[in-house]
Amino acid sequence: MTVKLIDPWGSGLLEDYEKIVKDFGLEVFNPKGFPEPNRIMRRGVVFAGRDLARLADAIHGKKKFYALSGIMPTAERIHFGNKMVIENLAYFQKHGAKTIVAIADLEAAAVRGVSLAEARKRALEFHIPAYIALGLNPKKTLFYFQSENRDVTRVAFEAAQKITFNEFRATYGSTEPSRIMSALTQIGDILFPQLEERMPGIIPVGIDQEPHIRLTRDFVSRSRSTFKFTQISSLYHKYTPSLDGELKMSKSKPESCIELPEDPKSACAKIKRALTGGRDTLEEHRRLGAVIEKDMVFELLKQHLIEDDKELQEIYDEYKGGKMTSGELKEIACEKTTLFMKSLQEGIEDARKLVKAKELNFLD
Ligand code: TRP
C-alpha cells in the first residue's frame, strides 16, 4: 500500500476524502454514535476520526475526558477550518469535556519565524478572543502558551526517546529540526493533560494534522509500560472549499477566500463571484434545476451559515427544483454572512475585554 504523505506545514491538496479514510485507516464518523451531534457532524462535514467509540463511551458513561486542540497565532485572521475546530471543541465542552487550547507559540517561532513576544500579543488580542466569540466558554476553557507549559516539554522529551529519525521521515517526508521540535511539542500538547490523571481525550483537527495524531498514538502504544497513557481519539473535518470550486479555501487566492472576520461588503462581493451550480440560461435553470454538488454558495450555507436543518432542506429543494436561482441563493448567503460577521466582530470585542480583565482561565 502506498500512503500519500500529508504535510501539515505544506499547502498540498487532498482530492478525495474517501481515499484518505482508506489510506490512513481512519474510522468513518457516524453522528448516530454521539448525543445531539452538532451541525457539521450531522451534515457529513465531520467525516472521520480515530478511536471514536472510546470517546462516545466516555460521554455516554459521564466519565472524565478532555478535548484539546491548538492554534498557531500567526495570521491576523482565522479561517473556516479554525471555526470548525472550535465548534467541535465547544460540542465536547458542552458534553462534559475538560477543554484545553494550546497556543502554539513555539511552533509559530520554529516554522513561521514569529517571535514569542509577537505570538503572545496576537493571541491575546485576537486568537483567544476569536475562539471565545465562536463558542468556547471563557470560564471553562484552559488556554496556555506552549512556551510556558513545562509539562508539555516533559512529555515532548519523553516522546523524543521513542521516535526514530526514520519514522519521522516516513511520517512527514521531512526531517527539518524545527519540524521535529514542533511535532514533539505537539505530542506534549496532546498528552500533558494526562500527567495529572489518565483519561480519554479527543483532538479535533483538520486532516492536515493527522500525521501528528498518528505519531502521538504510536508514542502512547510504545510507552505503555512506563506511562500508561490512555490512547487518544481524534476527529477530522473536511475543508471549506474555495469559492472558485477548489478543494480548500486558501489565502493564496484572496478573491475566493473569506476570512474571519471579514468586512461583510467584501465577503458579499466574493460570494457574488462564486462558482455556482446554476444553469446557463434561466429557462434551462427552471427546467433542470441547479447542480447543487458543484455549488460553492450552497456549500457555504450548509457548512457554516444555516444552523436549522429544515431551513437548509427547503433551500435545497427549491434550488434543486429550479424555483430558486443562483442569484437568489447568493442573496441569502450574503445576508447570512453579514449577520454572522457582525456578531463575530462584536463577540471578539466583548471577549477582548474579558482577556484584558484577565477573566480567563490561563495556565501559569
Ligand atoms: N500544529 C497545529 C497547527 O498547525 C497547532 C497545534 C499545536 C495543535 N499543538 C496542537 C493542534 C495540539 C492540535 C493539538 O495549527
Side-chain angles (χ1 to χ4, degrees), residues 13-22 28-32 37-48 79-81 83-84 87 207 237-260 262-343:
L13 296 179
L14 304 156
E15 286 90 43
D16 184 345
Y17 293 105
E18 256 169 53
K19 187 162 183 306
I20 294 171
V21 167
K22 249 209 229 126
V28 172
F29 178 78
N30 177 3
K32 291 205 178 77
N38 68 16
R39 182 188 70 258
I40 49 179
M41 291 172 175
R42 293 195 304 272
R43 297 183 187 164
V45 185
V46 170
F47 74 105
H79 50 68
F80 284 112
K83 174 174 176 278
M84 290 193 268
E87 287 178 308
I207 189 68
H237 57 263
K238 292 180 185 170
Y239 294 123
T240 295
S242 174
L243 293 174
D244 64 2
E246 298 257 328
L247 190 76
K248 184 184 182 185
M249 222 181 232
S250 150
K251 266 194 278 194
S252 61
K253 278 206 237 155
E255 71 288 356
S256 299
C257 172
I258 297 177
E259 295 194 87
L260 303 178
E262 179 161 332
D263 169 46
K265 276 210 192 94
S266 124
C268 283
K270 291 174 185 177
I271 289 172
K272 293 251 154 69
R273 288 193 302 268
L275 180 76
T276 73
R279 306 283 176 169
D280 290 344
T281 65
L282 184 62
E283 184 277 321
E284 218 181 306
H285 188 81
R286 296 278 186 233
R287 187 158 46 86
L288 300 170
V291 188
I292 300 222
E293 305 69 49
K294 289 197 181 147
D295 198 294
M296 295 305 121
V297 181
F298 185 81
E299 194 61 23
L300 202 59
L301 291 170
K302 178 182 103 184
Q303 288 199 4
H304 298 288
L305 298 172
I306 294 182
E307 194 60 47
D308 183 33
D309 291 343
K310 215 172 126 247
E311 184 182 353
L312 187 72
Q313 185 66 48
E314 279 168 16
I315 291 176
Y316 180 93
D317 292 340
E318 291 208 355
Y319 192 41
K320 197 169 173 71
K323 259 203 228 155
M324 182 183 285
T325 65
S326 50
E328 287 160 348
L329 189 78
K330 286 174 172 177
E331 280 303 319
I332 296 175
C334 170
E335 254 168 54
K336 304 255 180 205
T337 301
T338 304
L339 288 177
F340 170 70
M341 292 297 178
K342 281 195 177 143
S343 95

Go through the steps to decide whether Lys336 and Glu311 satisfy the test salt bridge (Lys or Arg N to Asp or Glu O under 4.0 Å), and finish with yes or no. CA-CA 13 Å; Lys336 304 255 180 205; Glu311 184 182 353; 2.6 Å; yes
Kindly determine whether Glu255 and Arg273 satisfy salt bridge (Lys or Arg N to Asp or Glu O under 4.0 Å), including the steps that lead there. CA-CA 9 Å; Glu255 71 288 356; Arg273 288 193 302 268; over 6 Å; no
Taking C-beta and beyond as the side chain, do Ser326 and Val297 meet within less than 4.5 Å on heavy atoms? no
Would you say His79 and Met249 make side-chain contact, with heavy atoms under 4.5 Å? no
Just so I know, are the side chains of Leu301 and Ile332 near enough to count as touching, which here means a heavy-atom distance under 4.5 Å? yes
How about Lys253: does its NZ atom have over 12 heavy atoms from other parts shown lying under 6.0 Å from it? yes
Can you check salt bridge (Lys or Arg N to Asp or Glu O under 4.0 Å) on Lys83 and Glu87, steps first, answer last? CA-CA 6 Å; Lys83 174 174 176 278; Glu87 287 178 308; 3.5 Å; yes
Flag the pair Met341 / Glu262 as yes when at least one side-chain heavy-atom distance between them is below 4.5 Å, and no otherwise. yes
Can a salt bridge be assigned to the pair Glu299 and Lys302 using a cut-off of 4.0 Å between side-chain N and carboxylate O? yes
I'd like to know if the side chain of Lys330 reaches the main chain of Lys272, judged simply by a donor and an acceptor atom lying under 3.5 Å from each other, with no hydrogens or angles considered. yes
Working for salt bridge (Lys or Arg N to Asp or Glu O under 4.0 Å), residues Asp317 and Lys323: CA-CA 9 Å; Asp317 292 340; Lys323 259 203 228 155; over 6 Å; no
Mind checking whether Tyr17 and Tyr239 have parallel, tilted or perpendicular rings, split at 30° and 60°? tilted
Quick check for you: to the nearest 0.5 Å, what is the distance between Asp309 atom CG and Arg43 atom CZ? 4.5 Å
